[in-house]
Asks: 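Provided herewith is a single structure, encoded as structure tokens, for subsequent inquiry.
Excluded from the calculations below are hydrogen atoms, water molecules and symmetry mates; all remaining heavy atoms, backbone and side chain alike, are included.
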Amino acid sequence: MLHAISADNTLKRHTIAVMPAYNAEATIERTLKDIPKGVIDEVILVDDCSTDRTVEVAKSLGVTVIQHEENLGYGGNQKTCYDHALAHGADYVVMIHPDYQYDSRVMGAAIEFLRLGICDVVLGSRIRTRREALQGGMPVYKYLANRVLTTIENIALGQNLGDFHSGFRAYSRKVLTTVPFHRNSNDFVFDSELLAQAVEFGFRIGDIPVPVRYFDEASSINFRRSTQYGIATLGVLAKFFLHRLDIYSSPIFRPKESDKASEQD
């Protein structure tokens with residue numbers, strides 16, 4: 001079915017994969033090689049001041065490389081990724097970590113959900129079953145934290161997703177041109193804020209199973225940073241509720257046009 005849809009030129013759109021990178025020289029090539037041919041029109045890698053040969057390796061593989069002059073953090077890196085993808089005319093944007101943790105072979109499936117108008121945002125769920133997640137190398141504490149946070153987020157945001165904290169995400173252009181993601185954090189909680197914004201602005205979110213790998217070269221945050229991220233995510237949900245109740249209008253949930261209105265006032 002997917003091959004038949006892809007063959008229909010009326011559904012062709014410009015698709016760009018973006019990779020927020022930091023010290024990923026050992027894994028970039030493997031990540032790129034798994035991307036199915038004909039699925040992606042361009043790959044943009046944004047390097048956040050890596051100390052290894054990430055930039056050199058990426059350029060040698062024909063990837064469009066953007067270099068930060070200073071380290072802006074994971075969220076700041078994604079802001080640059082999406083800005084350049086939109087500037088390059090992307091209709092669909094797939095964000096995948098270049099650390100070979102997420103299986104890039106499923107990109108085509110994620111994009112088809114966007115092309116068919118079934119979803120506006122597609123996440124790659126690492127947790128189809130508990131056994132697969134743990135056998136794939138996910139630390140037990142991360143699995144438990146993910147289950148608790150994802151359950152809370154599903155209830156709070158009215159969704160039914162398997163994994164809110166995936167590093168594999170696909171967005172339609174309309175999502176990225178609508179949500180004010182530049183107001184988001186430059187840290188890891190950027191991802192949680194962007195999903196809450198997508199819900200607030202009425203976009204449809206879905207997910208697909210994606211195999212993952214945990215190994216030494218794959219990026220991962222430690223227990224302390226994971227705890228900080230979890231607390232920050234709960235803070236995002238609190239802002240979402242307060243915004244919905246008209247108690248506190250958080251800037252991250254205001255339309256972009258509100259900036260112009262404030263300047264005119």
Side-chain angles (χ1 to χ4, degrees), residues 13-20 44 46 66 72-97 110-111 113-115 117-125 149-150 152-154 156-161 163-208 229 232-246 248-263:
R13 297 290 187 273
H14 193 58
T15 303
I16 293 178
V18 296
M19 296 182 175
I44 297 176
V46 177
I66 309 297
L72 297 182
Y74 176 63
N77 193 318
Q78 283 195 70
K79 292 174 186 179
T80 303
C81 284
Y82 301 140
D83 282 344
H84 282 274
L86 293 173
H88 285 216
D91 294 297
Y92 306 115
V93 179
V94 182
M95 189 277 287
I96 185 170
H97 296 175
I111 293 166
F113 278 94
L114 302 180
R115 285 177 172 159
I118 296 172
C119 299
D120 305 299
V121 180
V122 178
L123 306 181
S125 175
L149 272 179
T150 291
I152 294 172
E153 286 168 293
N154 274 324
L157 299 176
Q159 303 298 307
N160 189 29
L161 302 172
D163 181 6
F164 263 90
H165 309 283
S166 171
F168 178 98
R169 300 169 179 231
Y171 300 100
S172 70
R173 182 182 183 88
K174 188 175 182 180
V175 172
L176 296 176
T177 56
T178 300
V179 301
F181 63 82
H182 275 283
R183 300 175 191 164
N184 294 359
S185 169
N186 281 349
D187 209 341
F188 288 98
V189 76
F190 174 93
D191 281 344
S192 299
E193 291 174 327
L194 187 47
L195 287 182
Q197 288 170 319
V199 173
E200 172 60 22
F201 287 92
F203 292 110
R204 297 159 299 174
I205 307 175
D207 59 10
I208 59 173
Y229 167 75
T233 295
L234 294 176
V236 173
L237 298 180
K239 290 179 183 178
F240 178 83
F241 261 109
L242 293 174
H243 184 83
R244 281 288 177 96
L245 294 173
D246 291 326
Y248 168 68
S249 180
S250 173
I252 70 172
F253 297 120
R254 296 175 195 159
K256 290 182 178 180
E257 290 74 14
S258 64
D259 289 339
K260 297 179 181 179
S262 297
E263 291 175 2

Asks: Does the plane of the ring in Tyr82 sit parallel, tilted or perpendicular to the ring in Phe181? Use 30° and 60° as the thresholds.
Replies: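 The rings of Tyr82 and Phe181 stand perpendicular, inter-plane angle above 60°.
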Asks: Might you work through the side chain to side chain donor-acceptor pair (under 3.5 Å) test for Gln78 and Asn184, ending with a clear yes or no?
Replies: CA-CA 10 Å; Gln78 283 195 70; Asn184 294 359; over 6 Å; no
Asks: Measure the CD1-CD1 distance between Ile16 and Ile44 for me, rounded to the nearest 0.5 Å.
Replies: 4.5 Å
Asks: Can you name the closest pair of heavy atoms from Glu153 and Thr233 and give their distance?
Replies: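 Shortest heavy-atom separation between Glu153 and Thr233 comes out as OE2-CG2, 3.3 Å.
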Asks: Salt-bridged, Asp91 to Arg173, with N to O below 4.0 Å?
Replies: no
Asks: Hey, is the main chain of Val175 close enough, under 3.5 Å, to the side chain of Thr178 for a donor-acceptor pair?
Replies: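 Answer holds: no.
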Asks: With rounding to the nearest 0.5 Å, note down the distance linking OH in Tyr92 to CG in Leu114.
Replies: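 Those atoms lie 6.5 Å apart.
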Asks: Nearest 0.5 angstrom please: Phe168 CZ to Leu123 CG, how far?
Replies: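 The CG atom of Leu123 is 9.5 Å from CZ of Phe168, to the nearest 0.5 Å.
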Asks: So among Val189, Leu157, Asp191, which one has a side-chain contact (heavy atoms from CB on, under 4.5 Å) with Val236?
Replies: Val189
Asks: Does the pair Ile252 and Val179 meet the rule for a side chain to side chain contact (heavy atoms under 4.5 Å, CB included), with working shown?
Replies: CA-CA 8 Å; Ile252 70 172; Val179 301; over 6 Å; no
Asks: Counting only N and O atoms by type, is there a donor-acceptor contact under 3.5 Å from the side chain of Arg183 to the main-chain atoms of Arg254?
Replies: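 Looks like yes, one N/O pair under 3.5 Å.
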Asks: Can you find a heavy atom in the side chain of Phe253 that is under 4.5 Å from one in the side chain of Arg244?
Replies: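 No. Closest side-chain heavy atoms not under 4.5 Å.
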Asks: I need the single residue from Leu72, Asn186, Val46 that forms a side-chain contact (heavy atoms from CB on, under 4.5 Å) with Lys79. Which is it?
Replies: Asn186
Asks: Report yes if the side chains of Phe240 and Ser250 come closer than 4.5 Å at any heavy-atom pair, otherwise no.
Replies: no
Asks: Can you confirm whether or not the ring centre of Phe188 sits under 6.0 Å from the ring centre of His165?
Replies: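 When the ring centroids of Phe188 and His165 are compared, they turn out to be at least 6.0 Å apart.
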Asks: Quick check: does any side chain N or O of Lys239 sit under 3.5 Å from a backbone N or O of Pro251, one acting as donor and the other as acceptor?
Replies: no
